[in-house]
**Student:** 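My structure is below; once you've seen it, I'll send some questions.
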Protein chains: 2
Amino acid sequence: MPDAANPAPMNARRKFRREGEERRRQDLIDATLDSVAEHGLEGATLRTIALRAGVTAGLIRHYFPGKADLLQEAYAALMDRMTEQAKAALLMEDASPRQRLAAFVTANLNAPIIDQRVFSLWATFIGRAGADPTLARAHREGYLGFRNEVEAVVAEVLAAERRKPDAGELRHHAIAINAIIDGLWIEGCLAGEMFSPGELAAIGIKAIEAELGLAPEKQFQEK
Amino acid sequence: MPDAANPAPMNARRKFRREGEERRRQDLIDATLDSVAEHGLEGATLRTIALRAGVTAGLIRHYFPGKADLLQEAYAALMDRMTEQAKAALLMEDASPRQRLAAFVTANLNAPIIDQRVFSLWATFIGRAGADPTLARAHREGYLGFRNEVEAVVAEVLAAERRKPDAGELRHHAIAINAIIDGLWIEGCLAGEMFSPGELAAIGIKAIEAELGLAPEKQFQEK
DNA sequence: GGCGTTGTTGTGCAAGTGTATAAATAGCCT
DNA sequence: AGGCTATTTATACACTTGCACAACAACGCC
């Protein structure tokens, strides 16, 4: 797109500004994620990414040794942002374990984590985990971290109910709850408009409480 | 890799056989799925696919107008194979609803549906659903069909327990159960070796029974 | 058995890819 | 103000990609 409206010094070199290194890296990573979400992994070319970031392609090599490194850092950034928001919900100090678990589920099943673009990115990257050991390990670690968080909260919730599950039970609960959250997350991302706001979170909380054998929240209930 | 050991008619053209049209198309689609699973969507080049199918690249254009058409047909074939296997488990005539539900879950959480390659393919294709409306609609239809199957069995299971849920309850149960299956499917595909055989199915069945408020099956129910 | 049909091969090409590197300039330091 | 240096642009290059097309040969048909 030649900018013909300029006072046109015919061989003018493009104007540019020097940004801080951190800023530039972040911009490039953001542009990478946008491009991948739109065009897929190999469809996101260095030139497309550079255009989106408002720089020229050559600059990318100044900050990243190669395209593979850029993609890897972009994937790491994506995972960070996703888990960061979710984990924040677990940090509420003055709440019961059960409230914190509910908040965790709610955070995971609403915007911005329920988001089609985020899901596209996740699927695109994870689709290559089978062939790319680096991606596979990154995912494995993220997954286990997530599941351990779940397991810890579950342990607290059950402890508050004066129940003492063994390690196997705890692990099974964590696996099931993780699956519930993941599955609902996918449904929400791919068909968000089929659910009313908060509906997915409500379904998730109810399913998890059933899995843990907790009585419904609002009132005491005889069984 | 020149095959120097041959009796070397120096400009020998490659020998070939004429296959039936259906057979060739299937071979090409299979080779496409293999290549996509290994190298990603754009990483699966026509030459790679042709090599895998044992033909040369030019032949592909004889059967498919372009690469996009080949990919679309490959995706359709993948979806067909996945849902076909899962739905078969629901067809057992002489089984209680609850047994059929359990069989459905078990079928979905074991090989060949739990498979890293199948998952890679699913993720790779679905990752572009956000940008490709054709893919998005294909998925939507497959998802709703799957969920309706689940909803139908759930209705039968609850009816057998003499419970009469309203439509909203039924829908919520189906959404939750669908999520449980999907989530466990993902966990199994991505980290299959972390689970013992049958463990995921057992976790899934227990979680679903909890969701539906069913008593455990025969754990303590010795005859 | 020759012959035509058409499935199949091989080659060519323009466009686009990631990477390498030289040239230019923005902004800090003194 | 005026250089210095690192950031940024611009260009070049070898390679791959999807697609087009002409030559070839396998197989059915007379």
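Here is the naming used below: chain letters follow the sequence lines, and residue numbers restart at 1 for every chain.
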**Student:** Check whether any side-chain nitrogen or oxygen of A:Thr56 sits under 4.0 Å from OP1 or OP2 of D:dT8, and answer yes or no.
**Tutor:**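 It does not, given that no N or O in the side chain of A:Thr56 lies less than 4.0 Å from OP1 or OP2 of D:dT8.
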**Student:** Between CG of B:Asn178 and CG of B:Asn108, what distance do you get to the nearest 0.5 Å?
**Tutor:**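 B:Asn178 atom CG to B:Asn108 atom CG measures 9.5 Å (nearest 0.5 Å).
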**Student:** Can you tell me how far C1' of C:dG7 sits from CZ of B:Arg23, to the nearest Å?
**Tutor:**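 Value for this atom pair: 15 Å.
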**Student:** Please give, in whole Å, the distance from C:dT19 P to A:Leu71 CG?
**Tutor:**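 Rounded to whole Å, this separation is 10 Å.
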**Student:** Spell out yes or no: do the side chain of A:Arg47 and the base of C:dG18 have one donor N/O and one acceptor N/O closer than 3.5 Å?
**Tutor:**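 Such a pair is found, so the answer is yes.
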**Student:** Distance check: side-chain N/O of A:His62 vs OP1/OP2 of D:dT8, anything under 4.0 Å?
**Tutor:**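 No, outside the criterion.
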**Student:** With a 4.0 Å cutoff (strictly under), does any side-chain N or O of B:Tyr63 reach OP1 or OP2 of C:dG7?
**Tutor:**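 B:Tyr63 to C:dG7 OP1/OP2: no side-chain N or O under 4.0 Å.
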**Student:** Write down the distance between CD (B:Glu19) and C1' (D:dG28), rounded to a whole number of angstrom.
**Tutor:**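 Those two atoms, CD and C1', are 16 Å apart.
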**Student:** Could you give the CD1-to-P distance, from A:Ile60 to C:dT17, as a whole number of Å?
**Tutor:**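 Computing the A:Ile60:CD1 to C:dT17:P distance gives 12 Å.
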**Student:** Of all the nucleotides listed (C:dG10, D:dT8, C:dG7), which has the minimum atom distance to the side chain of B:Arg13?
**Tutor:**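 So the nucleotide nearest the side chain must be C:dG10.
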**Student:** From CZ of B:Arg18 over to P of D:dC24, roughly how many Å is that when rounded to an integer?
**Tutor:**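 Nearest whole value for this atom pair: 16 Å.
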**Student:** Rounding to an integer number of Å, can you tell me how far A:Leu70 CG sits from C:dT17 P?
**Tutor:**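 Checked: the CG to P distance equals 15 Å.
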**Student:** Under a 3.5 Å distance rule, please check whether B:Glu187 uses its side chain to pair with a backbone N or O of A:Ala179 as donor and acceptor.
**Tutor:**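 Checking the backbone N and O of A:Ala179 against the side chain of B:Glu187, a donor-acceptor pair under 3.5 Å is found.
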**Student:** Side-chain donor or acceptor of A:Arg14 under 3.5 Å from a matching atom on the base of D:dT9?
**Tutor:**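 Side chain to base: no pair below 3.5 Å.
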**Student:** Under a 4.0 Å threshold between the charged nitrogen and the carboxylate oxygen, would A:Asp30 count as salt-bridged to A:Arg117?
**Tutor:**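 No.
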**Student:** Any side-chain N or O of A:Arg61 less than 4.0 Å from the OP1 or OP2 oxygen of C:dG18?
**Tutor:**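 Looking at the OP1 and OP2 atoms of C:dG18, neither is under 4.0 Å from any side-chain N or O of A:Arg61.
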**Student:** Should the pair A:Glu169-B:Lys206 be classified as a salt bridge under the 4.0 Å nitrogen-to-oxygen rule?
**Tutor:**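 Result for this pair is no, no salt bridge flagged.
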**Student:** Name the residue closer to the 5' end of DNA chain D, choosing between B:Lys15 and B:Ala68 according to the nucleotide with the nearest heavy atom.
**Tutor:**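 By nearest-heavy-atom nucleotide position, the 5'-most residue is B:Ala68.
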**Student:** In this structure, how many angstroms lie between the P atom of C:dG18 and the CG atom of A:Leu28, rounded?
**Tutor:**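 The answer, rounded to whole Å, is 14 Å.
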**Student:** Measure from the side-chain heavy atoms of B:Arg24 and tell me the nearest of D:dG18, C:dT8, D:dT7.
**Tutor:**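 Output: C:dT8.
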**Student:** Before accepting this row, confirm whether a basic side-chain N of the pair B:Glu193/A:Arg140 lies closer than 4.0 Å to the acidic partner's carboxylate O.
**Tutor:**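 A salt bridge links B:Glu193 with A:Arg140.
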**Student:** Within this structure, what is the CG-to-C1' distance between B:Leu59 and C:dG10, rounded to whole angstrom?
**Tutor:**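 About 13 Å, once rounded to whole Å.
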